[in-house]
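First comes the structure, then the notes that go with it.
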Amino acid sequence: MNKINKTISSMSPAFLTVCTIIMMILTDLITAKNVSFSPLTVIGSMALWLTAVVILIATTVQLNQYTSVDQNNRRLGSKFLLQSGMFAISRNPKYLALLLSVVGSALWLANFANILWLVAYFACVHYFKVLPKEKALADRFGQPYIDYSASVRRWI
């Protein structure tokens, strides 16, 4: 199981891309016609994507300030428990941003079958990324992390 977690851990953006491509293929196969876009759908999906990009940039900037990298360009992690910025809103802002971009893709493609991929993506991220990472953080930081997780929601 640990090997599966490491594999999924290293491929979140790749998994997101694969999910989006599958969504597009499903849309073409199931509808067998061009999808008509309403202005509301386009605005909603673009707003979700833009929000996801802002969250990803803010989270990346904050993580880069507080983490160190070794000689092989691997992130060593932080000695501090981040509780400010995006981490004051969500315990997992990076995964929240990725989830918002998948929701934006599903909205853009306007196909019910894509909801299944959205659920699959959410389940994989939640069970293989978020829960193990939160357990590791609780083990690493102890009571301060437990207090933080009681005051800040997991997603939003």
Side-chain angles (χ1 to χ4, degrees), residues 1-24 40-110 112-156:
M1 189 65 153
N2 196 20
K3 188 174 181 177
I4 293 172
N5 287 344
K6 285 183 180 180
T7 302
I8 292 175
S9 174
S10 65
M11 64 179 240
S12 278
F15 185 68
L16 171 68
T17 304
V18 169
C19 282
T20 303
I21 290 169
I22 290 171
M23 286 177 176
M24 289 182 204
L40 188 58
T41 301
V42 172
I43 291 169
S45 60
M46 295 296 271
L48 287 170
W49 289 332
L50 182 60
T51 302
V53 167
V54 169
I55 291 171
L56 277 174
I57 289 171
T59 302
T60 302
V61 167
Q62 189 174 10
L63 285 172
N64 287 340
Q65 289 176 345
Y66 292 100
T67 59
S68 55
V69 176
D70 71 1
Q71 296 172 351
N72 296 324
N73 204 26
R74 289 182 300 205
R75 190 178 295 273
L76 296 177
S78 175
K79 295 179 182 176
F80 309 102
L81 178 60
L82 297 178
Q83 299 180 43
S84 62
M86 296 306 301
F87 292 93
I89 299 167
S90 170
R91 295 195 313 254
N92 302 287
K94 183 175 117 181
Y95 302 120
L96 174 63
L98 293 174
L99 181 65
L100 287 175
S101 65
V102 173
V103 171
S105 297
L107 182 62
W108 179 275
L109 295 171
F112 181 75
N114 292 321
I115 300 295
L116 299 175
W117 286 108
L118 177 61
V119 170
Y121 178 76
F122 176 80
C124 284
V125 167
H126 183 75
Y127 290 107
F128 293 113
K129 293 286 288 176
V130 172
L131 294 180
K133 188 169 200 114
E134 287 187 351
K135 183 184 179 322
L137 288 169
D139 292 344
R140 182 174 187 179
F141 292 108
Q143 191 61 42
Y145 182 77
I146 293 168
D147 295 340
Y148 166 69
S149 64
S151 64
V152 176
R153 299 179 119 194
R154 179 176 284 144
W155 292 101
I156 192 166

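Excluded from the calculations below are hydrogen atoms, water molecules and symmetry mates; all remaining heavy atoms, backbone and side chain alike, are included. Numbering of residues begins at 1 and proceeds along the displayed sequence.
Checked by atom type and distance alone, the side chain of Ser90 never pairs as donor or acceptor with a backbone atom of Phe87 at under 3.5 Å.
At most 12 non-hydrogen atoms from other residues, nucleotides or ligands lie less than 6.0 angstrom from CD1 of Ile156. Summarising the local packing, CZ of Arg153 is surrounded by 12 or fewer heavy atoms from other residues, nucleotides or ligands at distances under 6.0 Å.
When all heavy atoms of Ala52 and Ala97 are compared, the closest pair comes out as CB-O, 3.1 Å. Residues Ser45 and Gly104 come closest through the heavy atom pair CB-O, 3.2 Å. Closest non-hydrogen pair, Ser101 versus Leu98, comes out as OG-O, 2.7 Å. Heavy atoms only, all atoms of each residue included: Pro132 and His126 are closest at CD-O, 4.5 Å. Listed here is the closest heavy atom pair of Met86 and Pro93: CB-CB, 3.8 Å.
Taking CG from Leu99 and CG from Leu48, the interatomic distance works out to 9.5 Å, rounded to the nearest 0.5 Å. Here the straight-line distance linking atom NZ of Lys133 with atom CZ of Arg140 works out to 10.0 Å at 0.5 Å rounding.
Side-chain contact check for Arg91 versus Tyr145: some heavy-atom pair is nearer than 4.5 Å.
For the side-chain contact (heavy atoms from CB on, under 4.5 Å) test with Asn92, the passing option among Val125, Val152, Val130 is Val130; the others fail. Across Val61, Leu56, Ile55, a single residue satisfies side-chain contact (heavy atoms from CB on, under 4.5 Å) together with Thr59, and that is Ile55.
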